[in-house]
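Position 1 is the first residue of the sequence; numbering continues from there.
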Amino acid sequence: MGKYFGTDGVRGIANLELTPELAFRLGRCGGHALAGEASGATFVVGRDTRVSSPMLEAAVVAGLSSIGASVIHLGVVTTPAVAYLTRHFGARAGVMISASHNPAEDNGVKFFGADGFKLPDGMEQAIEQLLDAPEDRLPRPVGGQLRATSVDVQATEAYLRHLKAAVPARLDGARVVLDCANGGAHELAPRVFRELGADVVAIGVAPNGLNINDACGSLHVEALRREVLRSGAQLGLSFDGDADRLVAVDELGAAVDGDEILYVCASAATRERRLANDTIVTTVMSNAGLAQAAGKLGVATKRTEVGDRHVIAEMRRGGYNLGGEPSGHIVWLDHATTGDGILSGLLLLDVVRRTGRRLSELTRPFERLPQVRADVMVADRNGLRSNPTIAAVVGRVERELGAAGRMVVRASGTEPVVRIMAEGPEQPRLEAYVKELADVIARELSCSLNA
């Protein structure tokens with residue numbers, strides 16, 4: 001992680017950490033780093049439903065305009081829509097104003113290159129160098145050198161056509177519950193499922209600027225579970241605030257995370273000979289049961305560091321087309337350049353429909369190894385790396401777990417949180433280890449525990 005950029009753009013509390021002034025400079029410096037001296041380069045800009053998003057969008061657009069860029073406003077959309085429409089318009093880059101799954105008071109700015117992929121580390125570092133330059137010497141065109149901004153209310157039609165083209169068959173007769181997290185998918189997701197013939201019950205579709213991800217969305221599936229059971233739906237699909245994640249609920253009300261979705265999709269793709277190099281890409285947070293279940297299908301797994309950008313980088317290096325994270329970032333490189341919750345939900349429902357099997361049946365071969373997790377709110381997540389007391393506890397626990405288990409301790413790239421995950425055959429033992437380590441981290445890095 002850089003000084004400003006985490007694992008998914010620049011994030012912070014809106015108007016306190018992520019101020020309009022910083023957003024303006026991100027637009028100005030990011031625009032210059034991405035466009036160089038190209039006059040009138042086009043950028044597309046979208047936002048989620050947070051109350052702070054119009055403010056930050058205006059600041060980013062002002063920054064882009066100040067270097068002579070042309071800007072297309074997309075309005076309220078999803079992050080994967082921005083990635084797709086960046087390529088569709090042949091734009092120099094795309095910008096999304098969103099803090100994804102974070103609470104409403106947070107917000108973020110993330111960039112996509114002309115190819116629709118998130119920026120490589122080197123480009124983020126170049127932007128940070130411009131942000132920290134002692135003097136702003138970037139271009140300031142005047143008069144006729146400035147370019148107009150425009151609003152394209154029809155832009156999302158191209159994205160919806162793209163989604164529908166990715167689904168092999170219509171979804172007529174399927175009943176599905178969608179939880180749109182009161183976020184960027186609140187109009188797009190119900191519409192595309194209905195246009196493909198599904199019977200849709202939609203919740204989390206009344207954003208007021210403050211209720212994004214609030215007791216809804218991919219981190220809170222309780223309301224979705226109740227609605228699936230009440231309506232007798234085949235399954236439920238839950239997106240986060242910018243809809244780059246998908247978590248599902250099966251017809252019995254059981255949560256189905258990204259690992260299980262990957263398994264179901266990999267199983268179908270293997271049968272249909274659509275899985276590139278018979279491999280899926282996962283992260284260190286994925287359950288060991290995924291690798292075991294995939295292995296029985298003849299599918300190999302490759303693990304990366306946490307973050308869909310690392311998953312995608314490995315997919316591109318190895319020529320793989322399916323990867324993801326347990327958090328619900330599912331990436332189909334045949335169709336998208338980033339995690340797309342709506343696309344993943346469509347393809348998951350398509351598998352259920354075409355196999356004629358229930359989602360609970362499709363996930364049954366996946367036997368999860370016991371895993372215990374905790375999140376510790378901290379004052380300085382970067383202090384994790386240099387703390388000898390924490391390192392000593394982690395080292396001892398890893399030795400005691402041995403080859404039968406593992407522990408992952410990492411600073412979140414999007415929140416002031418240290419995440420702990422222990423995996424192994426004995427649940428009580430894992431719980432004790434995680435509690436011990438969480439207490440040490442809370443004490444050493446001074447904040448509160450949220451297990």
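- Shortest non-hydrogen contact noted between Leu138 and Arg28 is O-NH2, 3.0 Å.
- The closest side-chain heavy-atom distance from Asp121 to Phe5 is not below 4.5 Å.
- Heavy-atom contacts from other residues, nucleotides or ligands closer than 6.0 Å to CD of Glu305 number 12 or fewer.
- Rounding to the nearest 0.5 angstrom, the gap separating the CD1 atom in Ile67 from the CG atom in Leu146 is 11.0 Å.
- Leu343 is not listed as a side-chain neighbour of Pro80, based on a closest heavy-atom distance of 4.5 Å or more.
- Interatomic distance, OH of Tyr263 versus CG of Leu290, reported as 9.5 Å (0.5 Å rounding).
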I'd like to know whether His335 forms a side-chain contact (heavy atoms from CB on, under 4.5 Å) with Leu347, so could you lay out the CA-CA distance, the side-chain angles of the two residues, the decisive distance to 0.1 Å, and finally the verdict. CA-CA 11 Å; His335 305 293; Leu347 294 177; 4.1 Å; yes
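- Without hydrogens or angle criteria, Asp257 side chain to Glu260 main chain gives a donor-acceptor distance under 3.5 Å.
- With hydrogens and angles disregarded, a donor-acceptor distance shorter than 3.5 Å links the side chain of Arg406 to the backbone of Val284.
- The distance from atom CZ of Arg410 to atom CG of Leu384, rounded to the nearest 0.5 Å, is 10.5 Å.
- Taking CG from Asp250 and CG from Leu359, the interatomic distance works out to 5.5 Å, rounded to the nearest 0.5 Å.
- Within the 4.5 Å cutoff, no side-chain heavy atoms of Val77 are placed close to those of Tyr159.
- For the salt bridge (charged side-chain N to carboxylate O under 4.0 Å, His left out) condition, the pairs that include at least one residue of residues 334-352, sequence neighbours left out, are Asp350-Arg354.
- The backbone N or O of Arg137 lies less than 3.5 Å from no partner atom in the side chain of Arg140, so there is not a single donor-acceptor pair.
- Under the 3.5 Å distance criterion, the side-chain polar atoms of Arg309 are left unmatched by any main-chain donor or acceptor of Thr338.
- Using a 4.0 Å cut-off between charged nitrogen and carboxylate oxygen, Arg225 and Glu222 do not count as a salt-bridge pair.
- The backbone N or O of Gly341 lies less than 3.5 Å from no partner atom in the side chain of Ser344, so there is not a single donor-acceptor pair.
- The two residues Asp115 and Phe117 make their nearest non-hydrogen contact at OD1-N, 3.0 Å.
- When all heavy atoms are compared, the tightest approach of Ile390 to Glu444 is CD1-CB, 4.0 Å.
- Listed by chain and residue number, Asp199 satisfy the salt bridge (Lys or Arg N to Asp or Glu O under 4.0 Å) test with Arg175 (two or more places apart in sequence, or in another chain).
- Without hydrogens or angle criteria, Glu17 side chain to Ile13 main chain gives a donor-acceptor distance under 3.5 Å.
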For Val221 and Asp179: C-alpha separation, side-chain torsions, deciding distance, then whether side-chain contact (heavy atoms from CB on, under 4.5 Å) applies. CA-CA 8 Å; Val221 298; Asp179 181 350; over 6 Å; no
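- Glu57 contributes no side-chain N or O that, together with a main-chain N or O of Ile97, makes up a donor-acceptor pair within less than 3.5 Å.
- When side chains are defined from C-beta on, Val76 counts as touching Arg47, because their heavy atoms get closer than 4.5 Å.
- Looking at Arg373 and Arg419, their side chains never come closer than 4.5 Å, going by heavy atoms from C-beta outward.
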Test salt bridge (Lys or Arg N to Asp or Glu O under 4.0 Å) applied to Glu157 and Arg191, step by step: CA-CA 11 Å; Glu157 299 298 323; Arg191 179 180 165 188; 2.7 Å; yes
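- Annotation for Asp242 and Ser98: closest pair CB-OG, 3.3 Å, computed over non-hydrogen atoms.
- Put simply, the side chain of Leu235 reaches to within 4.5 Å of the side chain of Val176, judged on heavy atoms.
- Side chain of Ser53 to main chain of Thr49: no donor-acceptor pair is present (N/O by atom type, distance under 3.5 Å, no hydrogens or angles).
- Between Val256 and Leu348 the shortest side-chain heavy-atom distance does not fall below 4.5 Å.
- Taking the six-membered ring where the residue is Trp, Tyr84 and His88 present parallel rings, their angle staying beneath 30° rather than reaching 60°.
- In this structure, Gly289 and Phe366 approach most closely via the heavy-atom pair C-CZ, 4.2 Å.
- For the atom pair Ile441 CD1 and Ile420 CD1, the distance stands at 4.0 Å (nearest 0.5 Å).
- A donor-acceptor pair is defined here as one N or O able to donate and one able to accept, closer than 3.5 Å; no such pair exists between the side chain of Arg92 and the backbone of Ala41.
- Summarising the geometry, atom CG belonging to Leu131 is positioned 6.5 Å from atom CG belonging to Leu22; distances are rounded to the nearest 0.5 Å.
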Chi angles and distances behind the side-chain contact (heavy atoms from CB on, under 4.5 Å) call for Ser100, Asp244: CA-CA 8 Å; Ser100 193; Asp244 62 354; 3.5 Å; yes
Please assess Ile261 against Val247 for the test side-chain contact (heavy atoms from CB on, under 4.5 Å), listing each intermediate value before the final yes or no. CA-CA 8 Å; Ile261 294 170; Val247 171; 5.6 Å; no
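- With hydrogens and angles left out, the side-chain atoms of Asn107 and Ser52 include a donor and acceptor closer than 3.5 Å.
- Taking the side chain as every heavy atom from C-beta outward, Asn321 and Leu275 approach each other to under 4.5 Å.
- In this structure, Pro326 and Thr283 approach most closely via the heavy-atom pair CD-OG1, 4.1 Å.
- Between Arg161 and Glu195 there is no salt bridge, since none of the side-chain N atoms of the basic residue sits less than 4.0 Å from a carboxylate O of the acidic one.
- The main-chain N or O of Ser218 is never found under 3.5 Å from a side-chain atom of Asp240 such that the two would form a donor-acceptor pair.
- For Glu187, the CD atom counts as loosely surrounded, since its 6.0 Å shell holds 12 or fewer non-hydrogen atoms of other residues, nucleotides or ligands.
- Using a cut-off of 4.0 Å between Lys/Arg side-chain N and Asp/Glu carboxylate O, Lys118 and Asp8 are scored as salt-bridged.
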